[in-house]
Number of protein chains: 2
Amino acid sequence: MVSIISVAKAAGVSNKTVSRVINGEPYVTEETRERVEKAIRDLGYIPNMAARLIRSSRSNTFGIITDYVSTTPYSVDIVRGIQDWANANGKTILMANTGGSSKREAEIWKMFQSHRIDGVLYVTMYRRTVDPEAGDVRIPTVMINCRPQTNELLPSIEPDDYQGAQDLTRYLLDRGHRKIGYIRLNPILLGAQLRLDAFRKTAAEFGLAESDLSIRLGMEGPVGAEKNYVFAAATEMLQQKDRPTAIMSGNDEMTIQVYIATMALGLRIPEDVSIVGFDDFRTVSLALKPELTTAALPYYALGLEGADLLNSVVAGNKARPSRRVMPCKLVERTSVQSV
Amino acid sequence: MVSIISVAKAAGVSNKTVSRVINGEPYVTEETRERVEKAIRDLGYIPNMAARLIRSSRSNTFGIITDYVSTTPYSVDIVRGIQDWANANGKTILMANTGGSSKREAEIWKMFQSHRIDGVLYVTMYRRTVDPEAGDVRIPTVMINCRPQTNELLPSIEPDDYQGAQDLTRYLLDRGHRKIGYIRLNPILLGAQLRLDAFRKTAAEFGLAESDLSIRLGMEGPVGAEKNYVFAAATEMLQQKDRPTAIMSGNDEMTIQVYIATMALGLRIPEDVSIVGFDDFRTVSLALKPELTTAALPYYALGLEGADLLNSVVAGNKARPSRRVMPCKLVERTSVQSV
DNA sequence: TTGTAAGCGTTATCAG
DNA sequence: CTGATAACGCTTACAA
C-alpha cells in the first residue's frame, strides 16, 4: 500500500509536508502543494484512517445501534437521515443490530469502543422507552425514536405523536365529522398513548362527548408477535346502528384492514366513511385507493437531527440532555370527505 | 485510554505476552494467561482496532454500499442478514448509501479504502443490473440482489424470481384455474421479465393458450417516481365478460390495489377471485384479509450468503466469479381457492 | 514555509 | 514459554 512516505519521496518533500497538504493546513506554497497533489494522484495514495486515528484519537466515526430494523421497514429512513448527515460532514458510520438481545448489545458497545468511535446513535424502530446498556461506558450517546428508561438523561429525539394525532383529529372535526372511530395502536408502543390522548382531548375540545367516539384496540402483545384485532374491530365498529362517519387508525398498516373491512360491508370510501391513517408509510398510503390522508412521521429528519445533535455533544457542547421533538406533517390525500 | 502496555505492567509481563493472550495464541502458561486476563478485566482494557490494523493490514471490516434503501423497505432484511453474519464472525460493518448519485458512490469507495476494508457488499434494493464504480479499484466485491452490467464478472447473489413465479403459477394451475390474470411489475426491474416469463411458460406447459391469460402492465417509469396503473388494470381485467378466476400480481404492494379493485366490484376473495402476490412483504401480506398467498423473497438469506461468499473471496478462494441464485419460498395463506 | 524526530497501540521478528 | 525491539502510517511538537 502506498503511504505518506512514498508520496513525500515522489514529490521530493518531507512526510510532514504531505500531511499538511492532505489536511489542508496553511503554510504550504501553492507550488509545493501542487507537486504533492500530483504525486498523490499519480500514486493513487489514499490516507490510512487507522494510522491517523492512532495519533489523533478522534475517529470521526459514529456508531448506530438498532434493535429490530427489519420488522418496521419504514423506519430505515432514520438510518438514511443519519447516513446523509454523515456523508455531508465527513463522518463514517459503523452499524450494528442487537436483534433484541442484550448480550449482543453488550458486545456491540465493546466493538464500538474498540473502534474508538466518537459517539453512538441509539435507534429503536418503534417509539418506546429503553435502557441502553451503555452502563459503565461514557461514550456520548443520543437516542432516536426512543427515550431512556432510567433518569440518566441522555439527549433524545422523538416524533411529536401528540401533535400529529391532534392535527389529524382536527382535520376530521373541521370537515364536520361528529361520530369518529379510533383503532388503537399496540399499547406497548410509546406513541400509542400519546396519539390516543390527542384524539380524545381534541374531540373533547370540539365539544364531542365520549359517546361520540368509538375506540377499539387494534393490536396488542409483543412486537413481532402481536395479536391483530383490526379487521374485526373495524367491522364491528361500522356495524353499529350509529356508526362513525370517519375512522382514524393507529397507523397506515392497520388502515389496510380498515379499508378492506369497510369495503366488505359495501360501504364506500370516502363517500360513506372517511378514513385517516398515521405514519405516511408510502408503500401503503399511496397504494390504497382512494389514497390515504395521514400524518407523516419525520423519520428522515429524526436521523438528520440526531446525528447533528450527537455531533455537537461530541464537540463538547454538553449542558443539554434535552428531549427534542420533531413535528409530524399532515399529508392530505383523498380518503376524507366533508359531511 | 488504557493500552496494552498498562496491562502488561499491571500483570507484570511484557506487551507481547498480553498480545498473545488477547489473540488466543498458544505458548502461554495457563497461570500467566489468567494473570493477564485479570489485569485486562481490572483495567477495563479494550483493544484498539486502529492500532491493530496498522500493523496487520487486515481490517476485518466489510463495507456495504446501498442505493435507495428507503424506497423499498422490506429489503432491509438483506442488511440484517449481513449484520448477523458479521456479528457471528467478528467482522465490522461500514455502511454507506449512494442515494443514486455516482459522485457519491465514488466518494464512498474512497472512504472505504481509507478504512482499508477487506471487501465490499454491493447491495441494490431492487433487483437490476448495475455497474459499480469500483473501476480501478481491486477490492473484493460481491453483488447482492443485482448483477454487474459489464462482463467484469464479480460474483453475485440473486433471488430466483423465475422459480418463485413458476411455483406460484403452478399453485394456481394445480387448483384448477384456467383463466389467469397477471399484473406486471415495472419492466425496469430485473425480476419483472423473469417472473413474467415463468408465468407464461408455466401456463403454456399446462396447456393454456395465450388467450387464457390477461396480462397488464401495473407500473412503469423510474424507481421512486413510477406511474401506477394497477388499480385501473385490475378493474378492467375483472370487468371482462370472461374474467380470470385468479390474479397474480407483480408484488405484494401492488396486490393491495388488486384487492381493493376486486372488492369495489363486489367480488369476493377468494370465492370469486383468487389472488396471489410476490415478495411476502409481511406488512402487507399479513394485513390483507384474507391473508395473502405469496412467494417469499429470500432477502435475509441473500445477506447471509453474500457476506459468507465475500469472506471466502477475501480469504483468497478466488476462482469463482459465480452467479448464485437463492430460491423463493411459496407461503400458503388463504387468498386462493380451488375452482 | 519546511523538515526532523518522537510517539500513538499494536503485531512481527527473533533472541533468550 | 517469554521478552526486547523494530515496524506500521500517521500527527504533533519543535526546530530550522
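Since we're looking at a predicted model, the values are computed, not measured. Throughout, protein chains are lettered first and strands after them, A, B, ... in sequence-line order, and every chain is numbered starting at 1. Only heavy atoms go into these numbers, but all of them, side chains included; no hydrogens, no water, no symmetry mates.
Using a 4.0 Å cut-off, no side-chain N or O of A:T17 falls inside it from OP1 or OP2 of C:dT2. Proximity of A:R55 to the phosphate of C:dG7: no side-chain N or O atom is located under 4.0 Å from OP1 or OP2. Listed pair A:N23 / D:dT11 meets the phosphate criterion, a side-chain N or O lying under 4.0 Å from OP1 or OP2. Applying the 4.0 Å criterion to OP1 and OP2 of D:dC8, one finds that B:S56 has every side-chain N and O outside that range. In this structure, A:T29 does not reach the C:dT1 phosphate: none of its side-chain N or O atoms is under 4.0 Å from OP1 or OP2.
Following rounding to the nearest Å, B:I40 (CD1) and C:dG9 (P) show an atom-to-atom distance of 16 Å. In this structure, CG of A:L53 is placed 11 Å from P of D:dT11, rounded to the nearest angstrom. Residue A:I54 contributes atom CD1, which lies 13 Å from atom P of D:dC8 at whole-angstrom precision. For the pair A:N48 CG and C:dT10 C1', the computed distance is 13 Å after rounding to whole Å. Rounded to whole Å, the distance from CG on A:N15 to P on C:dA5 is 11 Å. Taking atom CZ on A:R52 and atom C1' on D:dT11, their separation rounds to 9 Å, with Å as the unit. In this structure, B:Y45 places its OH atom 3 Å from P of C:dT10, rounding to the nearest Å. Between the CG atom of A:N60 and the P atom of D:dT11 there is a distance of 12 Å, rounded to whole Å.
In this structure, A:K91 and A:N311 have side chains that are in contact, with non-hydrogen atoms separated by less than 4.5 Å.
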request  = Begin from the C-alpha positions of B:E31 and B:R35 and carry the test salt bridge (Lys or Arg N to Asp or Glu O under 4.0 Å) through to its verdict.
outcome  = CA-CA 6 Å; B:E31 189 244 317; B:R35 201 143 35 89; 3.3 Å; yes
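Between B:D67 and B:T98, the side chains place no donor N or O within less than 3.5 Å of an acceptor N or O (distance only, hydrogens not considered). Defined by atom type and a distance below 3.5 Å, a donor-acceptor pair is missing between the side-chain atoms of B:H115 and B:T61. Using modelled atom types, one finds a donor on one side chain and an acceptor on the other under 3.5 Å when comparing B:N97 with B:T66.
Picking from D:dG3, C:dG9, D:dA13 the nucleotide with the shortest atom distance to the side chain of B:S14 gives D:dG3. Minimum atom distance to the side chain of B:S19 is reached by C:dT11, of the listed D:dG3, C:dT11, C:dG3. Among the nucleotides D:dT12, D:dC1, C:dG9, the one closest to the side chain of B:A51 is C:dG9. Taking every side-chain heavy atom of B:Y27 into account, D:dT2 is the closest of C:dA12, C:dT4, D:dT2.
Residues B:I5 and B:R20 both approach DNA chain C. Their nearest nucleotides, taken by heavy-atom distance, put B:I5 toward the 5′ side. Where B:V28 and A:A50 each meet DNA chain D at their nearest nucleotide, the meeting point lying more 5' is that of B:V28. Nearer the 5' end of DNA chain D, as judged by each residue's closest nucleotide, is the contact made by B:R35, out of B:R35 and A:E25.
Within the 4.0 angstrom heavy-atom criterion, no nucleotide atom of any strand lies near A:P26.
Summarising the local packing, NZ of A:K16 is surrounded by more than 12 heavy atoms from other residues, nucleotides or ligands at distances under 6.0 Å.
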